[in-house]
Number of protein chains: 2
Amino acid sequence: MQALSERNKKILCAIVQSYINYPDPVGSRAVTKRYSFGLSPATIRNIMADLEDLGFLTQPHTSSGRVPTDLGYRFYVDSLVAEESYHPNIEVLHDLYRKLETLKNDIDTLLSETTKNLSTLSHYLGIAMSPRPNMTTLRRINLLKLGTHKIAAVLFTDEGLLKNKIITMDSDFTQRDLNRIAGYLNSEFAGQTVDDIRLRIIREMSKEKTNCYRLISRAMRICQEAFTFPYSSLFVSGLSEVLELPDFADLKKIRELSRAIEEKHNIIKLLDRLSESEGVQIVIGSENSLDELKKLSVVVSPCKEGDLTIGVVGIIGPTRMNYSRAIYIVENTAKFITKMLAER
Amino acid sequence: MQALSERNKKILCAIVQSYINYPDPVGSRAVTKRYSFGLSPATIRNIMADLEDLGFLTQPHTSSGRVPTDLGYRFYVDSLVAEESYHPNIEVLHDLYRKLETLKNDIDTLLSETTKNLSTLSHYLGIAMSPRPNMTTLRRINLLKLGTHKIAAVLFTDEGLLKNKIITMDSDFTQRDLNRIAGYLNSEFAGQTVDDIRLRIIREMSKEKTNCYRLISRAMRICQEAFTFPYSSLFVSGLSEVLELPDFADLKKIRELSRAIEEKHNIIKLLDRLSESEGVQIVIGSENSLDELKKLSVVVSPCKEGDLTIGVVGIIGPTRMNYSRAIYIVENTAKFITKMLAER
DNA sequence: TTTAGCACTCTCAATGCTTAAGTGCTAATA
DNA sequence: TATTAGCACTTAAGCATTGAGAGTGCTAAA
């Protein structure tokens with residue numbers, strides 16, 4: 001079992017390419033017809049058998065054409081340089097995203113609309129996520145008295161997130177109290193991540209018994225609630241788009257897909273991990289650690305402004321995905337969103 | 001063509017009931033077997049033919065059992081009094097909703113979790129919607145300076161909604177300016193609905209040229225943005241639940257369903273309309289004005305606290321729905337949510 | 001008015017048959 | 001030695017046929 005010859009690499013890529021374009025297993029004759037390697041079907045057959053032995057291809061059943069394995073797709077994606085594949089014109093993308101300009105102050109709506117763009121462009125599921133509030137850097141906190149025992153905490157972060165929480169307290173506060181507390185919190189905590197702040201609060205709280213400053217002890221109690229955010233918002237759209245694909249022609253596949261996207265929790269974790277790196281990340285089928293995604297591929301890119309991750313955008317689709325196109329779309333979407341958010 | 005005899009009504013209901021329990025068209029023999037009317041299949045056949053003529057039943061094809069039409073379901077639902085049908089124990093519901101107690105200050109998360117409850121309980125799609133900010137009554141507005149030219153407007157409404165918006169202005173403001181403007185706005189607008197306020201602002205703006213008070217003219221410009229909310233949040237979940245139903249066994253139906261739930265816009269409008277009435281509302285198949293919903297049924301109930309609508313919860317499922325159970329679930333869910341929100 | 005009986009209709013699952021696509025292997029060829 | 005032509009073999013998929021089963025409508029009898 002020797003390594004891949006240059007020629008065989010090309011043939012492997014051609015097979016993958018062909019399968020991506022036409023949803024049928026590709027046979028030896030199809031390869032000779034669609035690509036001109038100057039080889040006869042019989043030779044291609046031999047090579048295909050070799051590629052199968054190496055784990056790049058499989059046969060759905062004896063005597064049908066070959067289909068790429070996840071390893072095959074991986075090889076193809078890794079050797080994708082500048083495919084001649086047809087992409088949506090950059091202008092089209094530009095126009096689509098220009099329409100979202102007005103939303104740049106409302107991250108959630110912006111991201112949710114972005115997923116619609118992603119899915120109409122790619123015909124796969126569009127996904128987008130705002131940064132987890134827990135990982136963001138506090139710029140400013142304001143406390144507003146809403147009613148007896150009720151306080152609104154308004155958090156504003158470096159990433160441009162504006163989050164609010166209603167807190168119900170045992171004791172009552174005047175707005176003046178709250179201003180002083182907020183002032184204290186800002187001086188102490190501004191510039192730290194919400195997570196770090198939470199940690200510090202827990203430490204402070206344990207010291208609290210011995211703490212004679214009422215201000216601080218009260219501030220701590222408020223914070224404990226204010227800095228606890230239950231979720232990061234994940235937006236998904238384009239289900240009806242995906243259901244048109246031949247890859248999701250049977251009920252079982254659809255069930256799997258729907259389960260995958262209902263477990264937002266898991267996808268959030270995945271995206272969190274993927275958004276640590278830079279640029280477009282691609283996870284193909286079984287490479288995925290999540291069971292629900294083992295038959296799907298994920299193409300995502302973080303939107304980064306310097307070191308700050310201000311969002312993640314991407315696509316989920318079948319492993320038989322037009323990767324070249326998907327990468328192009330995700331890459332440029334990330335660029336547009338980043339630019340838009342940077343201009344705020 | 002005479003009106004329905006009492007006996008025929010009972011038989012119609014029995015047929016609908018049977019079809020709801022078992023997903024196969026019901027034949028004359030099945031009726032005599034499952035319900036004891038003391039009549040032979042032949043008689044039932046005659047009656048069924050009559051019921052078909054009256055538009056309550058149809059046959060998928062000559063020589064199969066009958067299936068209720070939307071009119072048939074409507075008749076059944078209207079004559080549902082206290083069905084003996086088996087409902088989830090009220091305790092189960094109670095337990096499920098008690099788990100959401102901690103979310104009562106965060107309406108969006110509360111509603112989103114509620115849809116999950118609704119769908120696991122009913123096996124249909126769970127839906128929930130918070131009131132449109134536009135229709136809510138302003139209790140209080142606060143303006144916070146975020147940075148140069150950037151203001152956060154925090155709105156708090158009688159319904160307990162807390163909304164914020166980031167506004168970018170041409171000119172800069174000090175926090176003192178903003179406080180004065182907010183004070184003015186509160187004295188002028190508190191107690192009015194956001195929609196009314198918008199109207200008034202437009203009127204004020206046209207007078208503005210002649211208005212020499214800088215305070216007011218500035219306030220108006222801020223408001224114009226602050227009181228424009230793009231959407232009302234609709235939560236939907238339970239797709240994978242629904243895909244298990246025999247009613248959605250074929251691809252076409254699933255596509256229709258997925259298109260229906262991606263048009264959130266339309267559903268929001270529908271729910272808005274339905275939430276004006278009180279108690280559980282039921283819309284069956286073609287009774288629905290939306291094309292996407294013409295093959296589905298909707299069971300919803302507003303959550304009302306006095307005159308204030310603080311949310312809508314409900315279920316979307318096939319017309320072949322266990323209405324009795326659905327009504328029970330929706331009714332009690334609405335009660336729990338209302339109670340929970342009233343206790344805030 | 002109800003019922004039994006019967007011919008008729010339609011779906012559905014199973015069967016067998018044919019076709020088309022594609023393979024692997026062997027032997028001939030450059 | 002690598003490539004190719006040829007051929008037997010495998011499998012899925014489409015198609016018509018068949019029979020069973022469920023259900024109907026109608027007629028005539030109770």
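All of these numbers come straight from a predicted model, not from anything done at the bench. A, B, ... follow the sequence lines: proteins, then strands. Residue 1 opens every chain.
Phe235(B) places none of its side-chain heavy atoms less than 4.5 Å from the side chain of Met129(B). Contact annotation: the side chain of Gln17(A) never approaches that of Ser324(A) to less than 4.5 Å [non-hydrogen atoms, C-beta and beyond]. Leu270(A) has its side chain within reach of Asn288(A): a pair of non-hydrogen atoms, C-beta onward, lies under 4.5 Å apart.
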Show the distances under 3.5 angstrom between N or O atoms of the protein and N or O atoms of nucleotides 13-19 of chain D.
none

Between the protein and nucleotides 23-27 of chain C, which nitrogen or oxygen pairs come in under 3.5 angstrom?
unit_1: dT23(C); atom_1: OP1; unit_2: Ser28(A); atom_2: N; d: 3.3
unit_1: dT23(C); atom_1: OP2; unit_2: Ser28(A); atom_2: N; d: 3.3
unit_1: dT23(C); atom_1: OP2; unit_2: Ser28(A); atom_2: OG; d: 2.7
unit_1: dG24(C); atom_1: OP1; unit_2: Arg66(A); atom_2: NH2; d: 2.7
unit_1: dG24(C); atom_1: N7; unit_2: Arg45(A); atom_2: NE; d: 3.2
unit_1: dG24(C); atom_1: O6; unit_2: Arg45(A); atom_2: NH2; d: 3.3

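Counting to the nearest Å, the P atom of dG23(D) and the CG atom of Leu57(B) are 15 Å from each other. As a whole-Å value, the separation of Leu51(A) CG from dG22(C) P is 17 Å. Residue Asp24(A) contributes atom CG, which lies 9 Å from atom P of dG22(C) at whole-angstrom precision. Distance Ile44(B) CD1 to dT3(C) C1': 12 Å, rounded to the nearest Å. In this structure, Ile47(B) places its CD1 atom 12 Å from P of dT24(D), rounding to the nearest Å. In this structure, Leu39(A) atom CG and dA2(D) atom C1' are separated by 10 Å, rounded to whole Å.
Within a 6.0 Å radius of NZ in Lys294(A), more than 12 heavy atoms belonging to other residues, nucleotides or ligands are found. Crowding of Arg29(A) atom CZ: a count of heavy atoms from other residues, nucleotides or ligands under 6.0 Å not exceeding 12.
Side-chain atoms of Ser40(B) lie closest to dA4(C) of the nucleotides dA4(C), dC10(C), dT4(D).
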Given salt bridge (charged side-chain N to carboxylate O under 4.0 Å, His left out), test Arg74(B) with Asp78(B) step by step and report yes or no. CA-CA 6 Å; Arg74(B) 169 51 64 193; Asp78(B) 286 344; 3.1 Å; yes

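Side-chain N or O atoms of Ser122(A) include one that pairs as donor or acceptor with a backbone N or O of Tyr124(A) at under 3.5 Å. A donor-acceptor pair under 3.5 Å links the side-chain atoms of Asn332(A) to the main chain of Tyr328(A), judged by distance alone.
Sorted by first and then second residue, the pairs that involve residues 57-69 of chain A and meet side-chain hydrogen bond (donor to acceptor under 3.5 Å, both in side chains), not counting sequence neighbours, are Glu52(A)-Arg66(A).
For the pair Ala30(A) and Arg7(B), both in contact range of DNA chain C, the more 5′-proximal nearest nucleotide belongs to Arg7(B).
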